[in-house]
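Report on one structure; see the data block that follows.
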Amino acid sequence: MKTNFAESLVSLAKRILENGIQPSTPLERQKNILRFNLFLVFALGVILISLLFNFLNQLYFSAVVNLGGSLLFIVAYFMNKDGNLKQARKLGIITINLYLFTISYVEGLRSGQYLLFFPLLLALIFVIDIKKNSQEVILTSVITLVTTAMIFILAPYQNNLQKIPQDLYSGLFSTNLSVALLLTSVFAYLILKTLENHEEKILEEKMLADTIYDTS
């Protein structure tokens, strides 16, 4: 029974990560789709955990923001499923910036939501092929810089839209800091692993070329 349940979870996770991949999909595009789906899973996971935290602490304004962010990420997921990876990525980039600005404004800078910018930037580096998508990299950089500036200019240190006790503010900051450090570690590892695999592929191709040359 436990084995069947574990197999079902593995199968479900595989279907989620392979969303948008068809048998005829080129290998390079498959990798891009897998990376984007992984980004969506991480982003949705963070937002849904925050949503649960909001309901438990009766932070209903924050809950509405988290719910809106999760819905937009789900839309991006289904856009990717329909083969619109480029548009889905743009929606993902806009959503994450819009979400971080709105939640930072609603909760105030004291909650530390802006700390999630750094791991999410690493995530976008992981998702976007810098060499092939220079326009997307520029768009991402501009949107992120503008959003960061708007957060520190417009967001209050502590907002009174909802009642947040002083001790809860400390908990929010600690949680956001922990999540930011965890995600930074995960995406740094994934980026290094991707670069390592890319380097191994180049070495294999070079060895094959040398072998063909020596044989000739």
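Everything numeric in this text was worked out from a predicted model, so none of it was measured. We number each residue from 1, following the sequence as shown.
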*Give the cluster check for Ile96 versus Leu181: same hydrophobic cluster or not, with ILVMFWY residues linked at side-chain heavy-atom distances below 4.5 Å.*
yes

_Separation between CG of Leu172 and CD1 of Ile103, rounded to the nearest 0.5 Å_ = 9.0 Å

*Could you tell me whether a side-chain N or O of Ser70 sits under 3.5 Å from a main-chain N or O of Leu67, the two making a donor and an acceptor?*
yes

*State plainly whether one hydrophobic cluster holds both Val179 and Leu115, where clusters connect Ile, Leu, Val, Met, Phe, Trp and Tyr through side-chain heavy atoms under 4.5 angstrom apart.*
yes

*Identify the two heavy atoms, one from Gly112 and one from Asn176, that lie closest to each other, and give their separation to 0.1 Å.*
O-CB, 3.4 Å

*Is there a donor-acceptor contact under 3.5 Å from the side chain of Asn57 to the main chain of Leu59?*
no

*Are Tyr114 and Val142 connected in the hydrophobic side-chain network, where two residues link if heavy atoms are under 4.5 Å apart?*
yes

*Should Met79 and Lys90 count as side-chain neighbours, where that means a heavy-atom distance under 4.5 Å?*
no

*Atom pair OH (Tyr105) and CD1 (Ile151), whose distance is rounded to the nearest 0.5 Å*: 13.0 Å

*Between Ser104 and Gln113: side-chain donor-acceptor atoms closer than 3.5 Å*: no

*Of all the heavy-atom pairs spanning Gly69 and Ile47, show the shortest one and how long it is.*
C-CD1, 4.1 Å

*Below 6.0 angstrom between ring centroids: does that apply to Phe73 and Tyr99?*
no

_Using the rule that Ile, Leu, Val, Met, Phe, Trp and Tyr join whenever any side-chain heavy atoms are under 4.5 Å apart, tell me whether Phe101 and Phe152 fall into a single cluster._
yes

*Residue of the set Thr148, Thr147, Ile153, Val146 for which side chain to side chain contact (heavy atoms under 4.5 Å, CB included) holds with Met150*: Val146

*Identify the heavy atoms of Ala76 and Ala88 that sit nearest to each other, and give their distance.*
O-CB, 3.4 Å

_Leu100 reachable from Leu109 in the ILVMFWY side-chain graph, under 4.5 Å edges_ = yes

*asked:* Could you check whether any side-chain heavy atom of Phe36 comes within less than 4.5 Å of a side-chain heavy atom of Arg89, counting everything from C-beta outward?
replied: yes

_Taking every non-hydrogen atom, the tightest pair across Glu107 and Tyr169_ = O-OH, 2.7 Å

_Return the CZ to CD1 distance between Arg110 and Ile164, rounded to the nearest 0.5 Å._
9.5 Å

_side chain to side chain contact (heavy atoms under 4.5 Å, CB included) partner of Asn80, chosen from Leu91, Val75, Asn37_ = Asn37

*Can you establish whether the number of heavy atoms outside Gln58 located under 6.0 Å from its atom CD is more than 12?*
no

*In Å and rounded to the nearest 0.5 Å, what is the CD to CG distance from Gln166 to Leu168?*
10.0 Å

*Among Leu48, Thr102, Leu51, Val106, find the residue that satisfies the side chain to side chain contact (heavy atoms under 4.5 Å, CB included) test when tested with Asn66.*
Leu51

*So which heavy atom on Phe61 is nearest to which on Leu161, and how close?*
CE1-O, 3.2 Å

